[in-house]
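Here the structure comes first, spelled out in structure tokens, and everything after it is commentary.
Excluded from the calculations below are hydrogen atoms, water molecules and symmetry mates; all remaining heavy atoms, backbone and side chain alike, are included.
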Amino acid sequence: MAAALIQSLDEPEPSTEEVEAAWAEEIQQRLVDVDAVTPVPWPEARRRILAAANGRREAR
């Protein structure tokens with residue numbers, strides 16, 4: 001692992017365009033991920049969180 005880190009120091013830094021393109025891709029993927037999730041109203045989410053914290057698995 002140390003060798004990989006040291007080698008990475010010798011690699012050229014990505015250009016601003018490459019960094020911006022990578023962030024744009026990451027943002028698009030996160031939007032896809034968010035759109036794939038069904039939102040849960042806060043009271044329901046809170047109930048599930050509290051149940052999990054108490055070691056119970058609640059039916060959905």
Worksheet entry | Sequence-distant partners of S15, side chain to side chain contact (heavy atoms under 4.5 Å, CB included), two or more places apart | E17, E18

Practice prompt. Using the test salt bridge (charged side-chain N to carboxylate O under 4.0 Å, His left out), find all partners of E11 that sit at least two apart in sequence or belong to another chain.
Written response: none

Discussion item. Tell me every residue that passes side chain to side chain contact (heavy atoms under 4.5 Å, CB included) with P41, counting only those two or more places apart in sequence or in another chain.
Written reply: P43, E44

Practice prompt. Hey, could you give me each pair passing side-chain hydrogen bond (donor to acceptor under 3.5 Å, both in side chains) that has a residue in residues 32-43? Not counting sequence neighbours.
Written response: Q29-D33

Practice prompt. For E26, enumerate each residue passing the side-chain hydrogen bond (donor to acceptor under 3.5 Å, both in side chains) test, keeping only those at least two apart in sequence or located in another chain.
Written response: R30

Item to complete: Share the residues that join I27 in a hydrophobic cluster, the rule being Ile, Leu, Val, Met, Phe, Trp or Tyr side chains under 4.5 Å apart at the heavy-atom level.
Response: L31

Fill in: Other ILVMFWY residues reachable from W23 by side-chain steps of under 4.5 Å
V19

